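Worksheet: one structure, shown below.
Remember, it's a predicted structure, so these values are computed and weren't measured experimentally. Ligands are counted one by one from 1 in listed order, and the atoms in each one are counted from 1 as well.
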Amino acid sequence: MATQALRQEARADLQTKLLIGGQWVDSLSGETIEVHNPYDGSVICAIASAGEADVDRAVEAAQAAFPAWSSLAASERGRLLLKLADRIEEESEAFARLEALDTGHPIQDCRRLDVPRTVLCYRYFGGMADKLEGSVVPVDAGFLNYVEREPIGVVGAIAPWNFPLMFTSWKLAPALAAGNTVVFKPSELTPLSTLRIGELMMEVGFPAGVINIVPGYGATAGQRIADHPGIGKVSFTGSTAIGRRIVQSSAGNLKKVQLELGGKGPNIVFPDANLAAAVGGAAFGIFHNQGQACIAGSRILLHESIADEFLDRFSTLARSIRLGDPLDPATEMGPLTSRLHQERVLSFVDIARGEGGQVVSGGAAPGVAGLEDGYFVQPTIVRAEPSHRVAREEVFGPFATILTFRDDAEALAIANDTEYGLGAGLWTNDLTRAHRFAKGIHAGMIWINCYKRVHPGSPFGGFGASGYGREMGFEVMREYTQPKSVWINVDAQIPPFYAR
Ligand code: NAD
């Protein structure tokens, strides 16, 4: 089908309202937000913009739904998540088109990664719902102590724009499996797939109020979630700057906070690496999704003995990446998600040059007929020094910063010379070195001879300015529950204190 027809089809019947208490409603203010197609800047639709009062309504609905939802058999909660996974799978192609339209992700990536990973996540936590066991603790003689994990109550979830479909599943699936109800705020830039998920959740039978979706601006809807006294926990994915504000706003009712923030991932290529694999892996690490990934391998550290050969191959590969219409199956790189972000990424090219960095490849909008209206940036490779801003700040675009090292000690020092600590990659066939670096790198996730692998079973999250708490794995079930310790005196012979 021609991309124009795909675009029409992806736009058909879009949900544009807020989901509150099982009803699709306009915002109380009547205000809306225009959603743009990053490929050509056109307006896709206008969605209701949730304000503070809408968040309040959503929290009330979530509070009302909590007692019944949290006391439902866990297997029933799981069953609904499994049904949702099946429905998404049935609509895989429609979701791939919608995500490509809204975000600019190439449809081939949506088909291969975003949609299947989303299905897998709902399925994994659907299966997890009734496997969240407590424990019995060996305590003093005569006493039984057991520990249960209880849901927290209303969870507020705030998501960024870079992987909206997938991140909705990362937050909703475990939070709901654990028995919480949710008020979810997608990014105002890319709300469409989340709204469609809301429709499917209603269709498969999630009770009213269990999931509420309130797209809106961060400063209003997001801020209200962060400081709402009726919300017991906030799960936030976004920038480190906003993460810090969330922590401050959460202080009012001391809500639990989970933060998935920025990164500046080192991807280290040692002299013994399989160079072809490292070149491909490094390209995936920084160019997939136009580099708009918190775990992007944005600092590529090359041993000086292989730097020239690596750069030669890497820049050849970068120049061959096909930029184009996200809905065209041949497209390998789409536009960035917003005009503002495109301008920000390009500003780092000037910053790099100003500090003495050398642009090896790319460094501009493509200037290709047909792409002028889109928010494109060429795959960009810049040689820099560890002290340069482009080696320290998150660019969040298709922008690889190349650094070189002489020996392992220097590689480790450069890798850890960052406030962030999210993901890191190593390309080596030396087992001892691989383990030494896996231990030595200050980051929550390490990939050896691969990059950016994620799975719902494996904890995802970072150290330092990359945040705290974890998505996924069994870890995340701890995040969405709180332990309750119950003591029973099982020995009638034990006298109470102050016995008379
Ligand atoms: P952002 O921090 O600007 O926005 C994230 C979300 O927070 C959006 O929904 C936004 O509306 C909301 N928000 C903005 N201001 C707010 C406020 N004052 N109170 C409450 N909510 C507010 O981030 P972004 O530009 O959407 O996303 C890019 C950033 O996200 C990058 O820094 C990236 O590294 C990070 N990110 C991290 C992870 C991770 O898992 N560690 C994953 C993806 C993206």
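The shell of residues lying under 4.0 angstrom from ligand 1, judged by heavy atoms, excludes Gly462. Residue contacts with ligand 1 include Ala159, since one or more of its heavy atoms lies under 4.0 Å from the ligand.
Of the charged side-chain nitrogens involved, none lies within less than 4.0 Å of a carboxylate oxygen, so that Glu419 and Lys264 do not count as a salt-bridged pair. Between Lys171 and Glu471, at least one side-chain nitrogen of the basic residue sits less than 4.0 Å from a carboxylate oxygen of the acidic one, meeting the salt-bridge criterion. Ionic pairing of Arg392 and Asp417 is present here: one or more N-O contacts between side-chain nitrogen and carboxylate oxygen are shorter than 4.0 angstrom. A salt bridge links Lys233 and Glu479; the closest N-O separation between the charged side-chain nitrogens and carboxylate oxygens is under 4.0 Å. Salt bridge status for Arg224 with Asp227: present, with a side-chain N to carboxylate O gap under 4.0 Å. With respect to Glu60 and Arg57, no salt bridge is recorded, no charged nitrogen being found less than 4.0 Å from a carboxylate O. Here Arg470 does not pair with Glu260 in a salt bridge; the nearest charged N to carboxylate O distance is not below 4.0 Å.
When heavy-atom distances to ligand 1 are checked against a 4.0 Å cut-off, Leu189 has no atom that comes that close, whether in backbone or side chain. Residue-level proximity to ligand 1 for Pro160 is carried by backbone and side chain together, each with a heavy atom below 4.0 angstrom. The proximity of Glu188 to ligand 1, defined as any non-hydrogen pair under 4.0 Å, is limited to the side chain.
Among all non-hydrogen protein atoms, the one lying nearest atom 15 (N) of ligand 1 is Ile242 CD1, 3.5 Å. Annotation: atom 35 (C) of ligand 1 to nearest protein heavy atom, Gly238 O, 3.1 Å. For atom 20 (C) of ligand 1, the closest non-hydrogen atom on the protein side is Gly222 C, 3.1 Å. The nearest heavy-atom contact from the protein to atom 17 (C) of ligand 1 is Gly218 O, 3.4 Å. Closest protein heavy atom to atom 32 (O) of ligand 1: Glu394 OE1, 2.6 Å. Summary of contacts: the protein heavy atom closest to atom 12 (C) of ligand 1 is Ile158 CG2, 3.7 Å. When hydrogens are left out, the protein atom nearest atom 33 (C) of ligand 1 is Phe396 CE1, 3.2 Å; that is the closest non-hydrogen contact. Ranking protein heavy atoms by distance to atom 18 (N) of ligand 1, first place goes to Gln223 OE1, 3.2 Å.
Listed by number with element, the atoms of ligand 1 under 4.0 angstrom from any heavy atom of Leu422 are 41 (N). Per-residue contacts place Asn162 under 4.0 angstrom from the following atoms of ligand 1 (heavy atoms of the residue considered): 43 (C), 44 (C). Ligand-side atoms of ligand 1 in range of Phe167: 42 (C), 43 (C), range being under 4.0 angstrom from any heavy atom.
Selection from Ser239, Gly243, Ala241 by nearest heavy atom to atom 29 (C) of ligand 1 gives Ser239. Nearest to atom 39 (C) of ligand 1 by heavy atom, out of Ser338, Ser249, Cys294, Ser466, is Cys294. Proximity annotation for atom 26 (O) of ligand 1: of Tyr217, Trp161, Phe163, Trp161 comes nearest, heavy atoms only.
For atom 4 (O) of ligand 1, the protein comes within 4.0 Å by no heavy atom at all.
Ring planes of Trp170 and Phe167: perpendicular class, angle over 60° (limits at 30 and 60°).
Within a 6.0 Å sphere centred on CZ of Arg245, other residues, nucleotides and ligands contribute 12 heavy atoms or fewer.
Using modelled atom types, one finds no donor on one side chain facing an acceptor on the other under 3.5 Å when comparing Glu394 with Ser298. Judged purely by distance below 3.5 Å, without hydrogens or angles, the side chains of Glu52 and Thr220 never pair a donor atom with an acceptor atom.
Residue His341 is tested with Tyr375, Phe399, Trp161 for a ring pair (Phe, Tyr, Trp, His ring centres under 6.0 Å); the sole match is Trp161.
Geometrically, ligand 1 and Leu261 share a nitrogen or oxygen pair separated by less than 3.5 Å.
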After noting the C-alpha distance and the side-chain angles of Arg87 and Glu203, does the key distance pass the salt bridge (charged side-chain N to carboxylate O under 4.0 Å, His left out) rule?
CA-CA 9 Å; Arg87 284 294 289 117; Glu203 182 197 304; 2.6 Å; yes

